[in-house]
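Throughout, numbering of the chain's residues begins at 1 and tracks the sequence.
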Amino acid sequence: MPIGGIIAYENAVSPSGVGYDIACGNKAIKTNLKASDVLSEISDIMDEIFRSLEFGMGRKNPEPLDDALFDDPAWKMLPEIEDLKPLARSQLGTIGAGNHYVDLFVDEADDALWVGIHFGSRGFGHKTCTGFLNLAKNRRFHDSPAREEMHARATMFSLSSSLGADYFAAMKLAGRYAYAGRDYVGGRVLEILGAASEWEVHNHHNFAWEEEHDGKRCIVVRKGATPAWPGQKCFIGGSMGDVSVIAEGVETPGSKSLLYSTIHGAGRVMSRTKAAGRKRWRKGRLIRKGGAITREQMNEWIAGMGVVLRGADTDEAPQAYKRLEEVLRLHDDALRVLHVLRPIGVAMAGPEVRDPFRD
């Protein structure tokens, strides 16, 4: 099945399985506006979204946000987690780079205007994962990330150990942090639109949940996969030049075999390096070598879809991704599509952004 990794453990969790971008997730908001209400202003709206929100690695919110989350006693579980609190506070509500985005969509069934958001726990999540992987290797929490082979065995923590219990608590904190960030960004986009929310779908991937399957309590790690229990709604994103969908899980043997999970996006057909070429910076200037997709080819596809694009690079071009509807057909017995959304505005970090983090 074309889906991210899903694995169930008994009283254990894998920080390398969850990954560096803990609680990366998708949020979709159905607004009280029609897409036809904003199409004449879509270029100005996307300018304002791109100008007033923070896209890119290491960016800080120009107006650091206060949130009840920062009063959570979980920050004091370890001195190293509390050390990350200033970074987390400064980055709350920033979007990051890579495949993270803020999009506007039209539901062609009723012309409803939707907002779509995709990002995770930013530097806090990355440094949390790095820190616990370091501790597992008898290194210091704040050491640089230890290099790992692609096919290395997963790092495992027993939840009965203090290390496992601390990681699980820190992961949950990163999950709450990611939710707060996406909620803030959604609210800001609604302000820019002068709109209100009528209905929302919000869930994340790159996470571990305590669940019951076949009568057993277990920890289910979903990397790049989204929970889709029967009746549970999820927002699944395509590429910037493809549809996205709102779907819900169904009760079938297929969905049960997937531990009630589905994809969070379409998935790639080529790597970032193959799509955009190798990048390096010389005296502050971006130099490329190779790349299967040109900016002109990407822009032609986007223009053909009627999408107003701000930022982005060719590693995120539609040509680098599978077509979402083809992927969904491969597990239509485990999912019911409720809304098909076509993008009309896309904002992502631009090609000038350096992305030193691995997911």
Side-chain angles (χ1 to χ4, degrees), residues 26-56 59 93-119 182-202 235-246 265-266 293 295-321 323-325 339-353:
N26 293 346
K27 179 172 185 176
I29 305 168
K30 183 180 181 181
T31 76
N32 63 336
L33 299 179
K34 299 296 185 182
S36 54
D37 294 336
V38 305
L39 280 177
S40 63
E41 305 172 80
I42 188 68
S43 184
D44 290 342
I45 290 170
M46 295 311 300
D47 283 342
E48 181 62 20
I49 288 173
F50 196 62
R51 180 170 54 244
S52 64
L53 293 170
E54 291 292 299
F55 296 85
R59 300 300 292 273
T94 65
I95 292 105
N99 61 350
H100 299 151
Y101 58 75
V102 176
D103 289 358
L104 299 181
F105 297 96
V106 56
D107 186 334
E108 294 187 327
D110 61 2
D111 192 40
L113 179 68
W114 289 72
V115 178
I117 301 161
H118 175 220
F119 66 92
R182 292 188 293 266
D183 285 342
Y184 167 77
V185 169
R188 283 288 296 118
V189 175
L190 290 175
E191 288 177 6
I192 291 168
L193 292 168
S197 170
E198 287 195 340
W199 190 65
E200 298 183 0
V201 181
H202 196 179
F235 167 43
I236 303 173
S239 73
M240 67 170 89
D242 193 9
V243 297
S244 297
V245 301
I246 307 296
I293 304 168
R295 187 86 190 184
E296 291 72 23
Q297 289 170 330
M298 181 179 80
N299 289 343
E300 183 179 1
W301 184 308
I302 294 300
M305 285 284 294
V307 175
V308 174
L309 177 64
R310 296 293 179 264
D313 198 3
T314 51
D315 58 348
E316 286 299 315
Q319 294 93 326
Y321 281 86
R323 304 280 66 78
L324 181 60
E325 288 177 315
H339 301 274
V340 178
L341 310 178
R342 178 175 59 83
I344 57 176
V346 173
M348 308 179 80
E352 74 285 353
V353 172

Review point. Is the shortest heavy-atom distance from the side chain of Ser239 to the side chain of Glu316 under 4.5 Å?
Key: no
Revision key, fill the gap. The reported gap from OG in Ser197 to NZ in Lys27 (rounded to nearest 0.5 angstrom) is 7.0 Å
Check your understanding: Would a distance-only check, ignoring hydrogens and angles, find a side-chain to backbone donor-acceptor pair under 3.5 Å from Arg323 to Tyr321?
Key -> yes
Check your understanding: Tell me, do Leu104 and Leu193 make a side-chain contact under 4.5 Å, heavy atoms counted?
Key -> yes
Review point. Just how far is it from atom OG of Ser244 to atom CD of Glu325, taken to the nearest 0.5 Å?
Key: 10.5 Å
Point to revise | Residue list, side chain to side chain contact (heavy atoms under 4.5 Å, CB included) with Asp44, at least two apart or on another chain | key: Asp47
Check your understanding: Mind checking whether Ile302 and Met240 have side chains closer than 4.5 Å, heavy atoms only?
Key -> yes
Check your understanding: Got a sec, which pairs hit salt bridge (Lys or Arg N to Asp or Glu O under 4.0 Å) with one end in residues 28-42, sequence neighbours left out?
Key -> Lys30-Asp110
Below 3.5 Å, can you tabulate the donor-acceptor pairs from side chains in residues 339-348 to any protein atom, sequence neighbours excluded?
unit_1	atom_1	unit_2	atom_2	d
His339	ND1	Asp107	OD2	2.8
Arg342	NE	Glu108	OE2	2.5
Arg342	NH1	Met305	O	3.4

**Study point:** His100 side, atom NE2; Thr94 side, atom OG1 - distance, nearest 0.5 Å
**Key:** 10.5 Å
Check your understanding: Is it the case that more than 12 heavy atoms not belonging to Glu198 sit under 6.0 Å from its CD atom?
Key -> yes
Revision key, fill the gap. So the ring pair (Phe, Tyr, Trp, His ring centres under 6.0 Å) pairs with at least one residue in residues 296-320 (sequence neighbours excluded) are none
Revision key, fill the gap. d(Ile192 CD1, Glu48 CD) to nearest 0.5 Å is 5.0 Å
Review point. Which value, rounded to the nearest 0.5 Å, describes the distance between Leu113 atom CG and Leu39 atom CG?
Key: 8.5 Å
Check your understanding: Out of curiosity, Ile246 CD1 to Phe105 CZ, how far, rounded to the nearest 0.5 Å?
Key -> 8.0 Å
Review point. Should Ser36 and Asp111 count as side-chain neighbours, where that means a heavy-atom distance under 4.5 Å?
Key: yes
Check your understanding: Within the distance-only criterion (no hydrogens, no angle test), does the side chain of Asp103 pair as donor or acceptor with the backbone N or O of Gly116 below 3.5 angstrom?
Key -> no
Review point. Of all heavy-atom pairs between Gly311 and Arg295, which one has the smallest distance, and what is that distance?
Key: O-NH2, 3.0 Å
Point to revise | Side-chain touch Phe55/Val102, heavy atoms, less than 4.5 angstrom | key: yes
Practice item. Taking ring-ring contact (aromatic ring centres under 6.0 Å, His included) as the test, write out the residues that go with Tyr184, two or more places apart. Key: none
Check your understanding: So His118 and Tyr101, would you call those rings parallel, tilted or perpendicular, with 30° and 60° as cut-offs?
Key -> tilted
Check your understanding: By side chain to side chain donor-acceptor pair (under 3.5 Å), which residues pair with Thr31, not counting sequence neighbours?
Key -> none
**Study point:** Any side-chain heavy-atom pair of Leu53 and Arg188 under 4.5 Å
**Key:** yes
Check your understanding: Looking only at heavy atoms, which two atoms of Met298 and Pro318 are closest? And how far apart?
Key -> CG-CD, 4.1 Å
Review point. Any side-chain heavy-atom pair from Asn299 and Glu296 closer than 4.5 angstrom?
Key: no
Review point. Would you say Gln297 has more than 12 foreign heavy atoms packed within less than 6.0 Å of its CD?
Key: yes
